[in-house]
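Encoded as C-alpha cells, the structure appears first; notes follow it.
Indexing begins at 1, ligand by ligand and atom by atom, following the structure's order.
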Amino acid sequence: MADTALVQQPISLVMSCPVLSVPDQSTTSDAAALMKQKGVRRLLVTDSAHKAVGIVTQTDLIHQQPLEHYLMLRDISSILVELPLLLQADLTVAQAAILMQQTQRDAAIVKFDQDLLADAEYGIITERDLVHFVATERTLCTLAEVATRPLLTLPLHSSLLQAVRLLRELGFRHLGVTDSYGKPVGLLSHNHILLNMEHLYISELKAALQARDKALRSSESSLRLAYKVIEASHDAVMITDANGIIQSVNPSFCKLTGYSMTEAIGQTPRLLSSGEHDDNFYQLMWQRLQQQGYWQGEIWNKRKNGEIYPEWLSISAVRGENGAINQYAAIFSDITERKKREQKIHELAYFDELTGLANRRLFQDRLEQALANAKRHNHQLAVLFLDLDLFKRINDTLGHQAGDEALRQVARRLQKVSRAGESVARLGGDEFTMLVPECDGLEEVEKLAQRIVAQFDLPFQIQHNELTLTTSVGISIYPQHGNTANELLKCADAAMYQAKESGRNKYSLYTKSVGQRNDQALQLEQALRKALSQQLLEVHYQPKVDLKTGQLHSLEALVRWQDQELGYIAPERFIGMAETLGLIHQLGQHVLRQVCYQLQLWSTLAVPVAVNISAKELADPLFLPQLKQILAETDVDPQLLELEITESCLLPERAAETQQMLQKLRQLGIRLAIDDFGTGYSSLSYLRHLPINSLKIDRSFIKTLPENTSDRQITSAIIAMANALGLDLVAEGVETQAQQEFLLSAGCQFGQGYWFGKAQDPVTTLQLLKNARQSLIQPDKDPITA
Ligand code: C2E
Ligand code: CA
Ligand code: CA
C-alpha cells in the first residue's frame, strides 16, 4: 500500500496461466476430479465452440452438496486453528495493513479501550475494508475511526450450521468466536468454513475415487485369476463363438485331444467327433443348449491320433447383455479311467476275482433267466453242483496261495468242459456250479458230469507238487426237482453230498431221500469236526508181546474218542466217516504227532510204537513231508516208528507209486507192517516185492482158533510163508491161552490181544513199560532196548 508502483503494474504479470477449462457438458464429479488432479480451485467453463461461458469454483461445487449434514454435526471449535489477530484501536489503517500482511490474516479484531466506549468493546477490520480505505485515501486514519463495530460473535461451541445461517442472514463474511467469558478466541470467515467443507468434500471424493479404482483393480485381477484357473485346469476348456467356431482352448485341451491351439482355433467341435453318436444325439444337445443354456453328459470323442475315448462334457451358453447367445464354453474331462473303474466294480459285483468265473449273483441271474426261458419254451434245464474233495487240506498244508492256484486251475478245466451257453460259476470256497440252460434229458447231463469228473484224472501241478484232486458232482433238473433257482441249487447241493458219501470222485442225481440226510450221521459228523479242531482225540497203547516169553515187545497206538455228549465212540464208527469226509488226514496227523511226542517223553525206554495209517493218508503226496516234519519236530528215532497199513493201500493199479512211497519210508528207517492180513486179496508173492517188515494176521482167523480146522490151516500156511519171506509175524486178537499156545507151536513169534492186555492210556502204559523193564534180569535180552 506504501509502494504505489506495485499497484500500477499490469495484471498479466501476476495472473495464473494457462486457464484450465471444462466443457459445459461435463458432470460436477468430472470437474471435481479435474480440480483435484491439477490442484486448482477454479475452472473456466467452455461451450461446444470453446467459447468461455462461465467459471466454476470449488465453492460452487460444494454449495450444491448437501452441506447441512456436515455442518450440523460439527461445532465452531472444530475448525478454529489459531487465535485471532487483535489490533489496538489507536493503530492507523496502514499499520494495521502491515500487521495483517505479516500474519497473513484477511481480517483482524479491533480492541477498543473500555474507558473510551463502554458499550462496544470489539470491532473488526477486513482485507476488503483495507482496499476500500486505500481507494478513499484513508490509510492514515486510526482503526477507532474506521473499524466496523460491534463485532458479531457466537460462543465457541455453537454449531457450524448456526454460524453459516447467521452470516448468510446478515450478509456478513466474518464472525467473532468467544469463550465462556465473552473474550474473543477466534475469527471465523465464511470462506474459512467453506474451505473446511471443501477439505471434507475432497477427502470424501478421494475416498470415493479410491473405492472405484479398487473395484476396477479387483475385477481386473479376478479376470486374470479366471484366466489362470482355466490355463491350469486339468479339465479341457474350449470356447466357441455363437456359430460354434472354436475361439480358444486351454493347455489341457491340447493334452487331451492331441490338437495344438493353432490346429483347434478356427475349427468347429466336429474336429473331435468320433462318429459314435448319431445326428439325433447332437440335435438334442443343441436344442437343449438353445433352450436351457446348458448341456451335460457322457460323449465319445476322437483324439488326433484316432483313439476314441469317453469324456464327461459340460457346455454352457454365454449370453450377452441383450440376452442373445454370444459364445459357448465347453469343459470336458477324459473318463477312460473312471469307466475302467466302473467296469472293475461291475466285474467285482458279478465275477469271482480269483478265477474270473461268474460269481453267485451272476449265476443266480443266469439261472433265473434260463428258468424263465425253459418255462416259456417247455424244455428242461440242469444245474450241476461241484465240490472239490478234500480241498481244505491243500489250504491247510500248503497255504492259501496253493489253494488259490488249485482253484484257478480247476476253474480252467471246468471251463474247458463247458460248451457254449453253459455257464460255469464259483459260488465261493471250493464250490462250483454249472448251468445247462437247455437239455434233452438225463443222459446228456450225465455225460457232462462224467466229463467233469474225468477232468480230474490228471494231477494238478501246484507249487512243484503233483496233487490229485477229485470232485463230487450233484445234479438237479428242472422241472423234476424244482421250479425256482433256489430249489434247484439246493437239490443239486444235496445230491453232491450224496455223491461224496457214496465215495468221492463221483456224480449223483438228486433223489428225495438225499434231501433227508441221516440226522444221527450229521450229529456224529459235527461232533467229530469239533473233536478234531479242539484236539479232543486221545491215543491209547496196546502191547504186542513175545509169545514165547510173554514179554512186552512193542506197542500199537489206537485212537480213542470220548465225546462229552455221545460217550465213547469206537474207531470203527468214525475212522470210515473221517475218510469219506476228508478228515482222515487231519486225524492221522494228530495221532502221529501225539505218538511222536509220547516217544520223545519215553525216549529213555526206547519202545517201538506202531501207528495205523489209512490207505487215503498214504496216497496223499503231503503225507511224507508232514511225517518228516513231525519227526524233526520231536527228534524221534524213526526206527522206533512202525506204520501199519492195510492191504487196501496196496491197490495193484497204484503199485508203482505205492512201491516208491514205501521205499522212501523205509529209507527213513521207519518199519512197515501189513495190517489185517488175510482179509484182502494180495498174494504173498506180491508182498515179496514190497519193502515191508512184518505181517499182522487178522483177528478173524485167530478168533476161531484152535478149534476151526480151516482157519488153523490158513493161519499155519500164512505163518510158514511169512517166515520163509523173512517177515516178522504178529497174531492179532489173542484172547486165550490156547490161542497163544497154538500160535507159538505154529511158529508165530509175536501176539497181541486182550489176553495180554487192552489198549491203555499213556500213564498206565508207562507203568507197564517200567514193570516190564524191571522183570527182565538179563539186560542183553531186553526186547525194549534191543
Ligand atoms: P486194528 O488196527 O486191527 O486195531 C486193533 C483193534 O482190535 C483195536 O480196536 C483193538 O482194541 C482191538 N483188539 C485188540 N485186541 C483184541 C482182542 O483180543 N479181541 C478183540 N475182539 N479186539 C481186540 P479199535 O481200537 O476199536 O480199533 C479198530 C480199528 O480202528 C483198528 O483196527 C484200526 O483199523 C482203526 N484205528 C484205530 N486207531 C486208528 C488210528 O489212529 N488211525 C487209523 N487210521 N486207524 C485206526
Ligand atoms: Ca492195527
Ligand atoms: Ca488189525
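- Between Tyr754 and Gln542 there is a side-chain heavy-atom pair separated by less than 4.5 Å.
- Note on Glu556: its N/O/S atom closest to the Ca ion (ligand 2) is OE2.
- Only the side chain of Ile575 comes within contact range of ligand 1, with a heavy atom under 4.0 Å; no backbone atom does.
- Interface of Glu735 with ligand 1, defined as ligand atoms under 4.0 Å from a residue heavy atom, comprises 17 (C), 18 (O), 19 (N), 20 (C), 21 (N).
- A salt bridge links Lys696 with Glu732: at least one charged nitrogen is closer than 4.0 Å to a carboxylate oxygen.
- Listed by number with element, the atoms of ligand 1 under 4.0 angstrom from any heavy atom of Asp676 are 3 (O).
- Residue contacts with ligand 1: Gly588 is excluded, as none of its non-hydrogen atoms falls under 4.0 Å.
- Ser614 counts as a contact of ligand 1, since one of its heavy atoms falls under 4.0 Å from the ligand.
- The residue Gln752 has no part lying near ligand 1, judged by heavy-atom distances below 4.0 Å.
- Those atoms of ligand 1 that come under 4.0 Å of a heavy atom in Glu732, given as number and element, are 3 (O).
- Each of the following atoms of ligand 1 lies closer than 4.0 Å to a heavy atom of Val591: 41 (O).
- Residues Arg712 and Glu707 are not paired through a salt bridge, judged by the lack of any N-O separation under 4.0 Å between the basic side chain and the carboxylate.
- Under the side chain to side chain contact (heavy atoms under 4.5 Å, CB included) criterion, Ser603 pairs with no residue at all, not counting sequence neighbours.
- Annotation for Val445 and Leu384: closest pair CG1-CD1, 3.8 Å, computed over non-hydrogen atoms.
- In Lys703, neither the side chain nor the backbone holds a heavy atom less than 4.0 Å from any atom of ligand 1.
- A salt bridge links Glu642 with Lys544; the closest basic N to acidic carboxylate O contact falls under 4.0 Å.
- Distances from atom 18 (O) of ligand 1 to the heavy atoms of Tyr754, Trp561, Phe756 put Tyr754 nearest.
- When you scan the N, O or S atoms of Asp675 for the one nearest the Ca ion (ligand 2), you land on OD2.
- The proximity of Val559 to ligand 1, defined as any non-hydrogen pair under 4.0 Å, involves the side chain as well as the backbone.
- For the pair Leu558/Pro571, no side-chain contact is recorded, criterion being any heavy-atom separation below 4.5 Å from C-beta on.
- At a 4.0 Å heavy-atom cut-off, ligand 1 touches Arg560 through the side chain alone.
- Among Thr646, Asp698, Ile697, Ile718, the single residue meeting the side-chain contact (heavy atoms from CB on, under 4.5 Å) criterion with Phe677 is Ile718.
- With a 4.0 Å heavy-atom cut-off, ligand 1 is reached by no atom of Asp698.
- Ring to ring, Trp561 and Tyr568 are not that close: their centroids are 6.0 angstrom or more apart.
- Closest heavy-atom approach to atom 46 (C) of ligand 1 among the candidates Leu587, Val611, Asn612: Asn612.
- In Glu556, the part holding a heavy atom less than 4.0 Å from any atom of ligand 1 is the side chain.
- Here the closest non-hydrogen pair linking Pro691 and Leu662 is CG-CB, 3.6 Å.
- The closest approach of Glu644 to the Ca ion (ligand 2), by N/O/S atoms, is made by OE1.
- Residues Met577 and Leu528 approach most closely at CE-CD2, 3.7 Å, considering heavy atoms.
- Heavy atoms only, all atoms of each residue included: Ile670 and Arg666 are closest at O-NH1, 2.6 Å.
- Atoms of ligand 1 found under 4.0 Å from any heavy atom of Gln542, numbered from 1 in the order shown, are 14 (C), 15 (N).
- Under 4.0 angstrom from ligand 1, the non-hydrogen atoms of Val734 all belong to its backbone.
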